[in-house]
Amino acid sequence: MSGTKIKIAIGADHAGFEYKELLKDFLQDYEVKDFGPHTADSVDYPDFAHPVASAVENGEFTYGILLCGSANGVAITANKHQGIRAGLCWENEVASLVRLHNNANVLCIPARFVSIDEAKQITETFLTTAFEGGRHQNRVDKISC
């Protein structure tokens, strides 16, 4: 990519805080901006999911990564944004399919249900899998309201 690093926005809630911190280290080949939180204190996930989703939606970042206990809350929140296709990924094959078939641009990881090693593998798969296009493009085009 001609020396340009892919830009990733990352955020979490208190349940995903530890994994967020570990993933930031794992993603050193990318340009990563941490949207918080910056401590493990209890927080409300929409306060971090909305800014990550907005940053991806407005084109400032290529991808977003969100973490919370089940990843449902952050996925629901991110998907309120018209330009976002957030996929909840609890295993590697799901991470591959949300990129291949849905052209997902925000990865949502359930920190309470995967190990950190699984989270890293899911993240790597998400970031390195290209959208397949073709018959899937027509379906993706129908997602926005």
| message | Under the salt bridge (charged side-chain N to carboxylate O under 4.0 Å, His left out) definition, can you give me all pairs with a residue in residues 52-62, not counting sequence neighbours? | response | none
| field | V32 reachable from V74 in the ILVMFWY side-chain graph, under 4.5 Å edges | value | no
| message | Taking atom CD as the centre, does E93 end up with more than 12 heavy-atom neighbours from other residues, nucleotides or ligands that are less than 6.0 angstrom away? | response | no
| Minimal non-hydrogen separation, I84 against A53, with atom names | CD1-O, 3.4 Å
| Gap between atom SG of C68 and atom OH of Y19 - 0.5 Å precision | 13.0 Å
| Least distance between heavy atoms, G64 atom then V52 atom | CA-CG1, 3.9 Å
| NZ/K5 to OG1/T62 distance, rounded to the nearest 0.5 angstrom? | 13.5 Å
| field | Heavy-atom pair of closest approach, residues N79 and A86 | value | OD1-N, 2.8 Å
| Apart from F113 itself, which Ile, Leu, Val, Met, Phe, Trp or Tyr residues share its cluster (side-chain heavy atoms under 4.5 Å, direct or through members)? | none
| said: For a quick test of reading the model, state the closest non-hydrogen atom pair linking G73 to S70 and the distance between them. | reply: N-OG, 4.3 Å
| task | Can you tell me which residue pairs pass the ring pair (Phe, Tyr, Trp, His ring centres under 6.0 Å) test with a partner in residues 71-96, sequence neighbours excluded? | result | H50-H81
| request: Give a yes or no on whether Y45 atom OH has more than 12 heavy-atom contacts from other residues, nucleotides or ligands under 6.0 Å away. | output: no
Solution key, residues 8-16 side-chain donor-acceptor pairs under 3.5 Å, sequence neighbours excluded:
unit_1, atom_1, unit_2, atom_2, d
D13, OD1, A15, N, 2.9
D13, OD1, G16, N, 3.1
H14, ND1, V43, N, 3.1
H14, ND1, V43, O, 3.4

| Could you give the distance from CD1 (I6) to CG (L127), rounded to the nearest 0.5 Å? | 7.0 Å
| query | Nearest heavy-atom pair of T39 and F17: which atoms, and what distance? | reply | O-CD1, 3.4 Å
| Result of checking L97, V98, V114 against C89 for side-chain contact (heavy atoms from CB on, under 4.5 Å) | V98
| task | Please collect all salt bridge (charged side-chain N to carboxylate O under 4.0 Å, His left out) contacts where either partner lies in residues 131-145, sequence neighbours excluded, each pair once. | result | E132-R135
| Shortest non-hydrogen contact from E21 to P37? | OE2-O, 4.4 Å
| Quick one: are L88 and N72 in side-chain contact, heavy atoms under 4.5 Å? | yes
| Connected via hydrophobic side-chain network under 4.5 Å: L67 and L22 | yes
| field | Nearest-0.5 Å distance that lies between atom CG in L27 and atom CD1 in I65 | value | 5.0 Å
Output a table of donor-acceptor pairs, distance under 3.5 Å, between side-chain atoms of residues 99-109 and any protein atom two or more places apart or on a different chain; print 'none' if there are none.
unit_1, atom_1, unit_2, atom_2, d
R99, NE, F126, O, 3.4
R99, NE, T129, O, 3.0
R99, NH1, N103, OD1, 2.9
R99, NH1, A104, O, 2.8
R99, NH2, Y63, OH, 3.2
R99, NH2, T129, O, 3.3
N105, OD1, R85, N, 2.8
N105, ND2, G83, O, 3.0

| task | Is it possible for you to say whether I122 and Y30 belong to one hydrophobic cluster, with membership spreading through side-chain heavy-atom contacts below 4.5 Å? | result | yes
| remark: Output for pair (I116 CD1, Q121 CD), nearest 0.5 Å, gives 12.0 Å
| Quick one: do L66 and F26 end up in the same hydrophobic cluster if we chain Ile, Leu, Val, Met, Phe, Trp and Tyr together by side-chain heavy atoms under 4.5 Å apart? | no
